[in-house]
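This report refers to the structure that appears directly beneath it.
Sequence lines set the chain letters: A, B, ... in the order given, protein chains first and strands last, and positions in each chain run from 1. Because the structure is a prediction, the values reported are computed rather than measured.
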There are 2 protein chains.
Amino acid sequence: MNKSTLYKGCLEPIVMRLLKDNGRMYGYQITQMVKELTKGELQITEGALYPLLHKLEEQGVVETEIENIGNRNRKYYTLTKSGKKQTAVAMDELKMFMQSLNLIVNPKMV
Amino acid sequence: MNKSTLYKGCLEPIVMRLLKDNGRMYGYQITQMVKELTKGELQITEGALYPLLHKLEEQGVVETEIENIGNRNRKYYTLTKSGKKQTAVAMDELKMFMQSLNLIVNPKMV
DNA sequence: ACATATACATAATCAAATTAGGTATATGTA
DNA sequence: TACATATACCTAATTTGATTATGTATATGT
């Protein structure tokens with residue numbers, strides 16, 4: 001079993017959380033920030049991230065603007081108003097999940 | 001997004017953890033204990049659990065014995081020696097993953 | 001008598017990843 | 001100059017790990 005299989009289903013709330021904290025981010029930046037924050041422990045693959053971002057855009061969770069920086073394009077993602085509300089819900093769910101995991105893995109501590 | 005999609009990939013270490021703590025368990029008991037421990041938050045489905053247990057048996061992580069209790073069969077699962085080692089590794093990985101999630105969701109607390 | 005709980009199982013389907021490939025520019029270095 | 005690495009986007013095929021639905025059968029509570 002490799003490390004990365006664990007986060008299946010968590011990538012979406014992770015991305016939403018980062019967008020909430022940082023306001024405006026582009027894809028590559030998200031991959032780097034996750035790597036940094038987790039000291040290299042979590043590495044999100046581009047094959048997972050980009051399709052997810054596109055889905056979130058389709059669903060109206062995020063909106064995008066493309067910016068040209070040094071002759072290269074960056075696609076910036078921002079949470080929409082509705083996306084912010086959905087993020088709050090997703091965060092509650094993620095935290096509940098993390099608490100549940102804790103109850104199982106560390107049954108002594110309450 | 002529903003709650004349960006979050007634990008994709010975590011079910012295996014969860015089951016291994018429970019077997020480590022409780023020594024000998026049968027499938028139905030595992031579903032009930034997860035429900036109890038998490039106050040109903042995490043409910044593992046039988047469609048996920050039984051195939052997983054069969055896979056773990058095939059891989060030599062667990063071994064089984066069937067017991068007849070009140071005219072009904074229970075299939076008890078126990079970690080093998082090798083399974084215990086693998087569980088220790090899986091626990092380390094799960095804990096790292098949980099810490100990583102925490103670093104993202106609660107970036108202020110270290 | 002009927003619903004609910006216990007106890008196992010599998011098949012079809014869906015969702016969310018991985019893996020592997022592609023394009024293109026910028027930068028550091030041998 | 002050539003080459004590796006970093007930046008920055010993307011998609012297609014495949015795999016994995018769930019859900020949903022269904023089936024079998026016994027026990028227990030109302």
Side-chain angles (χ1 to χ4, degrees), chain A residues 1-16 24-36 40 42-59 61-62 64-77 90 93-94 97 100-101, chain B residues 1-16 24-36 40 42-59 61-62 64-77 90 93-94 97 100-101:
Chain A
M1 179 168 54
N2 72 60
K3 218 180 327 200
S4 43
T5 47
L6 284 171
Y7 76 45
K8 275 196 190 189
C10 292
L11 183 56
E12 184 173 313
I14 284 174
V15 167
M16 289 165 87
R24 206 174 85 110
M25 300 184 80
Y26 56 98
Y28 187 75
Q29 185 186 11
I30 292 173
T31 67
Q32 297 309 301
M33 186 167 284
V34 168
K35 209 194 287 179
E36 246 180 74
L42 268 189
Q43 304 214 16
I44 73 184
T45 58
E46 299 184 321
L49 179 64
Y50 288 113
L52 170 61
L53 288 171
H54 301 161
K55 191 194 75 176
L56 291 175
E57 190 180 6
E58 258 179 53
Q59 292 174 345
V61 175
V62 296
T64 63
E65 40 181 345
I66 289 167
E67 215 166 283
N68 190 278
I69 309 239
N71 207 25
R72 248 181 328 192
N73 285 332
R74 282 183 188 167
K75 196 163 167 187
Y76 278 97
Y77 291 85
E93 282 171 5
L94 183 57
F97 169 69
S100 295
L101 257 191
Chain B
M1 178 168 55
N2 72 60
K3 215 177 332 192
S4 42
T5 47
L6 283 171
Y7 76 41
K8 273 195 189 189
C10 292
L11 183 55
E12 183 172 314
I14 284 173
V15 167
M16 289 165 86
R24 205 174 85 111
M25 300 184 81
Y26 56 97
Y28 187 75
Q29 184 186 11
I30 292 174
T31 67
Q32 298 308 302
M33 186 167 284
V34 167
K35 209 195 282 180
E36 247 180 74
L42 269 188
Q43 305 213 15
I44 73 184
T45 59
E46 298 184 317
L49 180 63
Y50 288 114
L52 169 62
L53 287 171
H54 301 161
K55 191 194 76 176
L56 291 175
E57 189 180 6
E58 258 179 54
Q59 292 174 346
V61 176
V62 296
T64 64
E65 39 182 344
I66 289 167
E67 213 165 286
N68 191 277
I69 309 241
N71 207 25
R72 246 183 327 193
N73 285 333
R74 280 182 189 168
K75 195 162 167 188
Y76 278 96
Y77 291 85
E93 281 171 6
L94 183 57
F97 169 67
S100 295
L101 257 191

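A/R74 places its CZ atom 18 Å from the C1' atom of C/dT23, with the value rounded to the nearest Å. Counting to the nearest Å, the P atom of D/dA18 and the CZ atom of A/F97 are 10 Å from each other. Put simply, CD on A/E36 is 14 Å from P on D/dA6, counting in whole angstrom units. As rounded to whole Å, 5 Å separates atom P of D/dA18 from atom CG of B/L11. Rounded to whole Å, atom C1' of D/dG17 lies 13 Å from atom CG of B/L49. Distance, B/E46 CD to D/dG17 C1': 17 Å, rounded to whole Å. A straight line from CD1 of A/I44 to P of C/dT19 spans 15 Å, rounded to a whole angstrom. In this structure, CG of A/N73 is placed 11 Å from P of C/dA26, rounded to the nearest angstrom.
The side-chain contact (heavy atoms from CB on, under 4.5 Å) test applied to B/R72 returns no partner, not counting sequence neighbours. Scanning for salt bridge (Lys or Arg N to Asp or Glu O under 4.0 Å) contacts around A/E46 gives an empty result, with sequence neighbours left out.
Rounding to the nearest 0.5 Å gives a distance of 11.5 Å between OG of B/S100 and CD of B/E93. Note that OH of A/Y77 and CG of A/L52 are 9.5 Å apart. Values are rounded to the nearest 0.5 Å. Rounding to the nearest 0.5 Å gives a distance of 11.5 Å between CG of A/N71 and CD1 of A/I69. Here B/E12 contributes atom CD and B/L49 contributes atom CG; the two are 11.5 Å apart, rounded to the nearest 0.5 Å.
Non-hydrogen atoms lying under 4.0 Å from DNA chain C are contributed by nothing in residues 27-35 of chain A.
When all heavy atoms of A/P13 and A/G9 are compared, the pair lying nearest together is CD-O, 3.5 Å.
In this structure, A/H54 does not reach the D/dC9 phosphate: none of its side-chain N or O atoms is under 4.0 Å from OP1 or OP2. When the side-chain nitrogen and oxygen atoms of A/Y26 are compared with OP1 and OP2 of D/dA8, one or more of them lie within a distance under 4.0 Å.
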Identify all pairs in which a protein N or O lies below 3.5 Å from an N or O of nucleotides 24-26 of chain D, and state each distance.
residue	atom	partner	partner atom	Å
D/dT26	O2	B/R72	NH1	2.8

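Residues A/I14 and A/I44 fail the side-chain proximity criterion, which asks for heavy atoms closer than 4.5 Å. At a threshold of 4.5 Å between non-hydrogen side-chain atoms, the residues A/M25 and A/V15 do not count as touching.
Residue A/K75 has its side chain nearest to D/dC9 when only D/dC9, C/dT19, C/dT10 are considered. Among C/dT10, C/dT18, D/dA8, the nucleotide with an atom closest to any side-chain atom of B/Y50 is C/dT10. Of the candidates D/dT19, D/dC9, C/dA9, the closest approach to any side-chain atom of B/Y77 belongs to C/dA9. Counting only heavy atoms from C-beta on, A/K55 has its side chain closest to C/dA16 among C/dT19, D/dC10, C/dA16.
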Bracket string, DNA chain D, 5' to 3' - pairs by Watson-Crick or G-U geometry under 3.5 Å, | interstrand: ||||||||||||||||||||||||||||||
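Of the residues near DNA chain C, A/I69 and B/I69, the one whose nearest nucleotide (by heavy atom distance) lies more toward the 5' end is B/I69.
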Let me check something: any side-chain donor-acceptor pairs from residues 27-36 of chain A under 3.5 Å, sequence neighbours excluded? List them with distances.
residue	atom	partner	partner atom	Å
A/Q29	OE1	A/Y26	N	3.1
A/T31	OG1	A/Y28	O	2.5

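Partner A/T64 forms a side-chain hydrogen bond (donor to acceptor under 3.5 Å, both in side chains) with one of A/R24, A/E57, A/K75 and no other, that one being A/E57.
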